Amino acid sequence: MAKKKLIRTLIALFFSAAVIVLALFTARKFISSKNSTNVTYTVFPELYENVIEIAGVVSAAQEQTLQALSDGTVMAVYVRQGDHVRKGDIILQMDDSTQKYNLAKHDYDMETTRISGSKKELELMETQREALVQKITERKVTATFDGIIADIDVSVGDSLEAKDSVGTIVDASYLIADVEVAETDVAKLSAGQTVEFKFPAYNGIVTGYVVGWPAIGSVTSRGATVVKARVRIDDYPEQILPNFSFSGKIKISPDENLLIVSRYAIGRDSGKAFVEDARTGERIYVTVSPYGKEYVKIDSGLEGGEVLKAQSAPAKSGTNRTGGNAMPGGMSPIIR
């Protein structure tokens, strides 16, 4: 009798537990369903940029270091800082009296040789004369291209030794830079691509373009394989000078203005994608394509700004993005 009573008690407890579990499951499902119907997602605009990020320092189109070609005393300086010069202009003159005397004496000796010397001796003297003329030329420092005297630090009476630097000429008609591009991005490059520069010294965007790159890579001190692509700026503001630093982007393709929404706002009906307007309850059929793990790109059907009902919930709790955007509108993901 006691045994039967125990069995009935166990059966009653089992059914009670089953009822409680079923009630909890139903309540949880109801709450989840209720919460799901309150979740909304907003369609927001996104700027898509397909770019290669770069950084570096701009240089003048050409640069010449003004150097003495031989030892001597400075007799004249013909330029000042900021002056414009033409190719071949004399920047400074060193004492060449000894060299001119040597040339004059050599010319006198040549005249004597023409009268009484041999043809071979005269030919040797002609060659020697060329060397003496070169010695006189080396007493001048001249510009090798049209440009501006960026700096000059020499005065009349200064004594110079060969290879002493006394100033710089720059051709700043345009600016150039050689920037590192990762080997995986080289295939994306093409000559003429637009480059956007940002300089700490200038509040705005400066536009340039890709000139080209070598047919060989190089390995950086970090062990990365890169190609040094050359970029150029033809028109730039006066605030930018050679040797200024920059960051920038090589534009692989034009920017795209996209419409983005959480993938949980998308439902399926016989394979067709649809959304439901949270305000009107209207079902709208759309075409979409993947955009990262949590979002889709709206290709057609919406205009942006719509608030949509959730059609499904994230697999993990806490990942619902209620109230609209999980990513702020206007972000610009960089695709490499």
Side-chain angles (χ1 to χ4, degrees), residues 57-178 191 211-218 227-230 232 234 241-243:
V57 175
V58 291
S59 301
Q62 298 183 79
E63 183 173 320
Q64 176 190 353
T65 300
L66 301 174
Q67 291 181 317
L69 299 178
S70 59
D71 301 347
T73 302
V74 177
M75 303 301 293
V77 179
Y78 298 107
V79 298
R80 293 179 297 180
Q81 184 173 328
D83 285 353
H84 290 260
V85 294
R86 306 283 292 178
K87 180 179 180 180
D89 284 354
I90 299 173
I91 307 302
L92 65 86
Q93 175 70 60
M94 299 175 67
D95 180 14
D96 60 358
S97 56
T98 300
Q99 289 73 24
K100 285 182 175 179
Y101 169 80
N102 291 337
L103 179 61
K105 184 177 184 305
H106 185 75
D107 285 346
Y108 175 80
D109 293 340
M110 282 184 66
E111 291 300 319
T112 303
T113 302
R114 284 192 176 93
I115 297 172
S116 58
S118 67
K119 181 180 178 181
K120 184 64 176 177
E121 187 178 4
L122 190 60
E123 289 176 353
L124 289 173
M125 294 187 77
E126 288 283 1
T127 301
Q128 187 179 6
R129 187 180 192 282
E130 292 176 3
L132 291 173
V133 171
Q134 181 62 32
K135 291 290 185 181
I136 294 175
T137 301
E138 289 176 357
R139 308 305 288 174
K140 303 179 181 70
V141 176
T142 59
T144 58
F145 54 80
D146 298 352
I148 299 172
I149 302 297
D151 62 85
I152 186 79
D153 184 19
V154 65
S155 301
V156 173
D158 287 351
S159 181
L160 302 179
E161 296 182 358
K163 303 302 181 182
D164 278 352
S165 298
V166 297
T168 307
I169 299 176
V170 296
D171 169 14
S173 57
Y174 61 89
L175 300 176
I176 58 172
D178 293 325
V211 176
W213 58 95
I216 187 171
S218 58
V227 162
K228 294 290 188 71
R230 174 155 291 189
R232 171 169 164 168
D234 287 338
L241 299 175
N243 298 324

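Computed from a predicted structure; not experimentally measured.
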Under the salt bridge (charged side-chain N to carboxylate O under 4.0 Å, His left out) rule, what do Arg129 and Glu126 come out as? Steps first, then yes or no, please. CA-CA 5 Å; Arg129 187 180 192 282; Glu126 288 283 1; 5.8 Å; no
Checking Met94 against Met75 for the side chain to side chain contact (heavy atoms under 4.5 Å, CB included) test, could you report, in this order, the C-alpha distance in whole Å, the side-chain angles of both residues, the deciding distance, and whether it holds? CA-CA 5 Å; Met94 299 175 67; Met75 303 301 293; 5.7 Å; no
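Gln134 CD to Gln99 CD: the interatomic distance, rounded to the nearest 0.5 Å, is 11.5 Å. Note that the CG atom of Asp178 and the OG atom of Ser59 stand 7.5 Å from one another [nearest 0.5 Å]. For the atom pair NZ of Lys119 and OG1 of Thr113, the computed distance is 15.0 Å after rounding to the nearest 0.5 Å. Atom NZ of Lys87 is separated from atom CZ of Phe145 by 10.5 Å, given to the nearest 0.5 angstrom. Within the model, atoms CG of Leu66 and CG of Leu92 stand 7.5 Å from one another, a figure rounded to the nearest 0.5 Å. Atoms NZ and CG, on Lys135 and Leu69 in that order, are 10.5 Å from each other to the nearest 0.5 Å.
Judged as a side-chain hydrogen bond (donor to acceptor under 3.5 Å, both in side chains), and not counting sequence neighbours, the contacts of Ser97 are Asp95. Not a single side-chain contact (heavy atoms from CB on, under 4.5 Å) links Leu124 to another residue, sequence neighbours left out.
Residues Gln93 and Tyr78 meet the side-chain proximity criterion, which asks for heavy atoms closer than 4.5 Å. The closest side-chain heavy-atom distance from Ser155 to Val74 is not below 4.5 Å. Counting heavy atoms from C-beta on, the side chains of Ile136 and Lys100 come closer than 4.5 Å. Side-chain contact check for Val85 versus Asp146: every heavy-atom pair is 4.5 Å or farther apart. You'll find the side chain of Asn243 stays beyond 4.5 Å of the side chain of Val58, heavy atoms only. Side chains of Asn102 and Lys105 form no contact here, defined as non-hydrogen atoms less than 4.5 Å apart. For the pair Val133 and Leu103, the minimum side-chain heavy-atom distance is below 4.5 Å. A heavy-atom distance below 4.5 Å is not found between the side chains of Ile176 and Val211.
Using modelled atom types, one finds no donor on one side chain facing an acceptor on the other under 3.5 Å when comparing Glu138 with Ser70.
For residues 152-168, no residue pair satisfies the salt bridge (charged side-chain N to carboxylate O under 4.0 Å, His left out) rule, not counting sequence neighbours.
The 12-atom threshold is exceeded at NZ of Lys140, counting heavy atoms of other residues, nucleotides or ligands nearer than 6.0 Å.
Taking each heavy atom of Leu175 and Ala60 in turn, the nearest pair found is CD2-CA, 4.1 Å. Residues Tyr174 and Asp234 share a closest heavy-atom pair of CB-OD1, 3.7 Å. The two residues Met110 and Leu122 come nearest to each other via the heavy atoms O-CD1, 4.0 Å. Closest heavy-atom contact between Pro214 and Lys228: CD-O, 3.0 Å.
Side-chain atoms of Gln64 do not come within 3.5 Å of backbone N or O of Gly147 as any donor-acceptor pair. In this structure, His106 contributes its side chain and Met125 its backbone to a donor-acceptor pair below 3.5 Å.
Under the side chain to side chain contact (heavy atoms under 4.5 Å, CB included) rule, Ile149 has a single partner from Asp89, Ile91, Thr168, which is Ile91.
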